[in-house]
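Below: one structure, written as structure tokens.
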Amino acid sequence: MLSYIKQIIQLAKQKNPHQPEFLQTVKEILESIKPVINQNSKYFKANILERIIEPERQIIFRVPWSDDKGNIKVNRGFRVQFNSALGPYKGGLRFHPSVNLSILKFLAFEQTFKNALTGLPLGGAKGGSDFDPKGKSDLEIMRFCQSFMLELFRHIGSDTDVPAGDIGVGGREIGYLFGQYKRIQNNFTGVLTGKAVNWGGSLMRPEATGYGSVYFAQEMLKTINKSLEQKICIVSGSGNVAQHTVEKLIELGAKVITMSDSHGTIFDKHGISKEKLLWIKELKNIHRGRIKDYTEKFKAEYFENKKPWNIPCDCAFPSATQNEISIKDAKNLLKNKCYLVNEGANMPCDSEAVKLFLEKKILFGPAKAANAGGVAVSGMEMSQNSMRLKWTAKEVDKKLKEIMIAIHKNCLATAEQYNAKGNLVAGANIAGFKKVADAMIEQGIV
Ligand code: NDP
């Protein structure tokens, strides 16, 4: 007879045949929680695995809008409300042409356990659209966001589901989405996080994921008596997570030599300084330009359509998108003596790459732990909104750091408890799973 875990993985394949990303994460998570399933018959008795891989609700809707020339366009909108055992659904919205149900289910499933690790009362969700914000005018973005919210509003609320940003959804989009929600509902409530600071946003929310990722890396390095000072670091991406990862790395004395976007990678052997980073922020956040433009302003090499993973480094911070480190990239990193890989993005390393890093016992920070800083500060934004209070940047940063240290400690201790010493993937999956699964059992068959 097949083991309980294998049966459920097979069932997931039958029920979700064209969803490779979702199946990848289901397999990865279920296989790594084997020890806890084997030791606790209560999970089998409550059939918790079959229940936990099924989203509580999946909403798919039409988003019609018109471009500046009056052409009528239609995109597909999604919200996957995966699990509310620990609190209101919480997770970002992604606007990118690659968005589909499989990617959002993978992200929402991961988010459920990530949110559990923060220790905050948050369920897991994810949503978005296959809309491509690139090349669109501000008015087109606004019209799209308004149409998207015209359907989404009925499914969300400050005690029901609190979306945030993700790829393609930054402060501008959150503003338009919030404005439309407020207009429809006639109520000013903390229904979205990542809001601007002067109308309900938390200080440090934009910085949180990147800073948190670096705090997590610091904790991993401490276990081998190292710090980030003078370490050569490579970072992928040049969006929200990448920018703030680079900012914190520079502050802590590391030398960052790469950033990238979906068109290519820049390699600055002199290091990206604070001033150069400011220029990149303006390029990306205001002019919405390409990272290639960096080479016209500063001395650096540019590799068209290439990722940074063959450039020698001590530490790598993949911070762009899923599956950006393949087994070949992983081998390159190891060949070049990289000893720390920290997942700023969601699932940037594919399964084989993760397996190799774990086999070679380098320091590996899995996304659901390493990038949990963003949702942690989103949780703090919700608290501040409910209390009608505002915490200082220093207070939020202190809490963020404490949460990242606690997550690392929890993952490390859980891994050790289940005979997987140093394996933070197992530690994060088991700790997150136990918290959600126990709450589900306590709440009955719902
Ligand atoms: P942004 O949209 O701000 O930036 C995304 C970056 O990744 C851009 O530089 C983009 O390049 C690049 N990118 C996107 N797709 C690809 C691709 N297929 N190949 C190479 N590069 C690509 O998003 P965020 O920084 O917010 O998010 C980055 C990652 O971090 C995502 O995986 C997200 O889910 C995860 N994350 C984000 C959190 C947050 O708080 N923002 C929280 C936790 C996780 P281009 O400009 O060319 O599109």
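Position 1 is the first residue of the sequence, and the numbers go up from there. In each ligand, atom 1 is the first atom listed, and ligand 1 is the first ligand listed.
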Carboxylate-amine/guanidinium contact K195 E381, below 4.0 Å: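 Counted as a salt bridge, because a side-chain N and a carboxylate O are separated by less than 4.0 Å.
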Ligand 1 N/O within reach of [X] N/O, cut-off under 3.5 Å:
X	result
T209	yes
S238	yes
H263	no

Between [X] and ligand 1, find which residue part has any heavy-atom pair under 4.0 Å and reply side chain, backbone, both or neither.
X	value
R290	side chain
R94	side chain
P348	neither
R205	side chain

Note the single closest protein heavy atom to [atom], along with its residue, its atom name and the distance in Å.
atom	answer
atom 41 (N) of ligand 1	N240 OD1, 3.7 Å
atom 32 (O) of ligand 1	N346 N, 3.1 Å
atom 2 (O) of ligand 1	G168 N, 3.1 Å
atom 46 (O) of ligand 1	K284 NZ, 3.6 Å
atom 33 (C) of ligand 1	D166 OD1, 3.1 Å

task: Tell me, with the steps shown, if R205 and T193 meet side chain to side chain donor-acceptor pair (under 3.5 Å).
output: CA-CA 8 Å; R205 175 59 188 91; T193 57; 4.9 Å; no
Pick from [options]: the one approaching [atom] most closely through a non-hydrogen atom:
atom	options	result
atom 19 (N) of ligand 1	T265, T321, I103	T321
atom 37 (C) of ligand 1	V241, V169, N285, N305	V241
atom 28 (C) of ligand 1	A320, G92, S213, G237	A320
atom 6 (C) of ligand 1	S262, A345, G239	G239

message: Within the 3.5 Å criterion, strictly below it, is a donor on R79 or H155 matched to an acceptor on the partner's side chain?
response: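 H155 and R79 do not have a side-chain donor-acceptor pair below 3.5 Å.
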Can you tell me if [X] uses its side chain to pair, donor with acceptor, with the backbone of [Y] under 3.5 Å?
X	Y	answer
D67	K73	no
S102	N100	no
E140	K136	no

field: Chi angles and distances behind the side chain to side chain donor-acceptor pair (under 3.5 Å) call for N75, S129
entry: CA-CA 7 Å; N75 284 93; S129 172; 4.5 Å; no
- prompt: E110 pairs by salt bridge (charged side-chain N to carboxylate O under 4.0 Å, His left out) with which of K105, K126, K368?
  reply: K368
task: Starting from the C-alpha separation in whole Å, work towards a yes-or-no answer on side chain to side chain donor-acceptor pair (under 3.5 Å) for D68 and S137.
output: CA-CA 8 Å; D68 288 343; S137 71; 2.6 Å; yes
field: Mutual orientation of the aromatic rings belonging to Y211 and Y215 [parallel < 30°, tilted 30-60°, perpendicular > 60°]
entry: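 Perpendicular, since the angle between the ring planes exceeds 60°.
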- request: Over 60° means perpendicular and under 30° means parallel, so classify the ring planes of Y294 and W279, tilted if in between.
  value: perpendicular
Ligand 1 atoms in contact with [X] (distance to a heavy atom under 4.0 Å):
X	result
K134	45 (P), 47 (O), 48 (O)
S260	9 (O)
S319	28 (C)

- prompt: Going through the distances and angles, do T223 and H408 end up as a side-chain contact (heavy atoms from CB on, under 4.5 Å)?
  reply: CA-CA 11 Å; T223 63; H408 178 262; 3.9 Å; yes
